[in-house]
Peer 1: 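One structure coming up, written as structure tokens, with questions to follow.
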Amino acid sequence: MKVKTFIVSSILGAGLYLLYQKRHVLQNSLTESKQHFDRAKADADNIKNSLLTINQQTEKLAAISQELAYKFRVLQEESQSHLAEIKKTTQKYGSKD
């Protein structure tokens with residue numbers, strides 16, 4: 001029983017010693033990982049805001065598109081009536097030649 005305890009404590013001690021030797025590398029790695037995580041979180045927030053803006057603009061574009069389609073239809077109807085009137089007038093004065 002004492003040998004088993006000695007082996008476990010010596011392995012644990014060796015592991016802790018190796019961790020202590022590489023503490024600067026581990027601290028740098030942890031700092032870099034935290035910075036990467038913070039940047040990724042900021043990027044995710046930026047993407048969420050961009051998607052929200054895109055959705056808002058899509059709704060506005062749909063409304064503008066609908067309005068433009070209506071105005072184009074009205075313009076076509078008006079131009080057709082004007083063209084019909086012009087055609088009627090040209091036929092009236094053109095037939096006397």
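Numbers here are sequence positions counted from 1.
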Peer 1: Taking atom OG1 of T90 and atom NZ of K88, what is their separation to the nearest 0.5 Å?
Peer 2: 11.0 Å
Peer 1: Is it the case that one hydrophobic cluster holds both L12 and L19, taking links as side-chain heavy atoms less than 4.5 Å apart, direct or via other members?
Peer 2: yes
Peer 1: Holding to side-chain contact (heavy atoms from CB on, under 4.5 Å), I want the full list of residues that pass it with Q56, two or more places apart in sequence or in another chain.
Peer 2: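 Expected list: L52.
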Peer 1: Hey, what do you get for CD1 (I54) to CG (N49), rounding to the nearest 0.5 Å?
Peer 2: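 If I round to the nearest 0.5 Å, the distance is 11.0 Å.
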Peer 1: Distance from Q76 atom CD to L83 atom CG, nearest 0.5 Å?
Peer 2: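 It comes to 11.0 Å.
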Peer 1: Do side-chain atoms of T89 reach the backbone of E85 as a donor and acceptor pair under 3.5 angstrom?
Peer 2: yes
Peer 1: I need the S50 OG to K48 NZ distance, nearest 0.5 Å.
Peer 2: 12.5 Å
Peer 1: Membership question, hydrophobic clusters at under 4.5 Å side-chain separation (ILVMFWY): are F6 and L16 in the same one?
Peer 2: no
Peer 1: Might you work through the salt bridge (charged side-chain N to carboxylate O under 4.0 Å, His left out) test for E67 and K71, ending with a clear yes or no?
Peer 2: CA-CA 6 Å; E67 183 179 343; K71 287 183 178 183; 3.2 Å; yes
Peer 1: What distance separates L75 CG from Q80 CD, expressed to the nearest 0.5 Å?
Peer 2: 10.0 Å
Peer 1: According to the side chain to side chain donor-acceptor pair (under 3.5 Å) rule, which pairs have a member within residues 23-37, sequence neighbours left out?
Peer 2: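 Passing the test, one end in residues 23-37: no pairs.
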Peer 1: Cut-off 3.5 Å, side chains only: do Q21 and Y17 have a donor facing an acceptor?
Peer 2: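 Yes.
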Peer 1: Please tell me whether I11 and V3 are part of a single hydrophobic cluster in this structure, the criterion being side-chain heavy atoms less than 4.5 Å apart.
Peer 2: yes
